[in-house]
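Have a look at the structure below before the remarks.
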Amino acid sequence: ATTGHRYWVHDVESKVNGSAYWADDRGYLGTDEGRVWILEHGKTRKLLAKIDMDSGPILTTPTAANGVFFVLERSKLYALARPAAPAPKK
């Protein structure tokens, strides 16, 4: 904001080791509790998802390439993709 006015704040309930990753008007954050938070970009706070990875802490910035979202935790790399759209009915 050019005025310095804060639009919103969201508590992610844990330490964040990496940076926020912004893509497709969404912000992605990984936390020490092994959660990925997805927030919509904008002047109002809108939580799109809170994903519990059932793993250790997420120690780096999540990233994406070629339609795949990558999350690295202590000993595992997750590659996540959206489900394929259903085939049109004939």
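Just so you know, these numbers come straight off a predicted model, no measurement behind them.
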When you group the ILVMFWY residues by side-chain heavy-atom contacts below 4.5 Å and let the links chain together, are Tyr7 and Leu39 in the same group? yes
If you take all heavy atoms of Trp8 and Glu40, which pair is closest and at what distance? CZ2-O, 4.1 Å
Within a 6.0 Å radius of atom NE2 on His10, are there more than 12 heavy atoms belonging to other residues, nucleotides or ligands? yes
Nearest heavy-atom neighbours spanning Asp32 and Leu59: OD1-CD2, 4.4 Å
Ring-plane angle category for Tyr28 and Tyr21, please: parallel below 30°, perpendicular beyond 60°, tilted otherwise. tilted
Validation row: Tyr78, Ile51 side chains within 4.5 angstrom (heavy atoms): no
Distance-only donor-acceptor pairs under 3.5 Å for side chains of residues 61-75, two or more places apart:
{"unit_1": "Thr61", "atom_1": "OG1", "unit_2": "Ser19", "atom_2": "N", "d": "2.7"}
{"unit_1": "Glu73", "atom_1": "OE1", "unit_2": "Gly56", "atom_2": "N", "d": "2.7"}
{"unit_1": "Glu73", "atom_1": "OE2", "unit_2": "Ser75", "atom_2": "N", "d": "3.4"}
{"unit_1": "Glu73", "atom_1": "OE2", "unit_2": "Lys76", "atom_2": "N", "d": "2.9"}

Under a 4.5 Å side-chain heavy-atom rule over Ile, Leu, Val, Met, Phe, Trp and Tyr, are Trp22 and Leu29 clustered together? no
Is Asp24 atom CG crowded by more than 12 heavy atoms from other residues, nucleotides or ligands, each under 6.0 Å away? no
Within the structure provided, determine whether Val12 and Arg35 are in side-chain contact (heavy-atom separation under 4.5 Å). no
Only one of Val16, Asn17, Ile58 passes side-chain contact (heavy atoms from CB on, under 4.5 Å) with Thr31, and that residue is Val16
With the 4.5 Å side-chain cut-off for hydrophobic clustering, are Leu80 and Ile38 part of the same group? yes
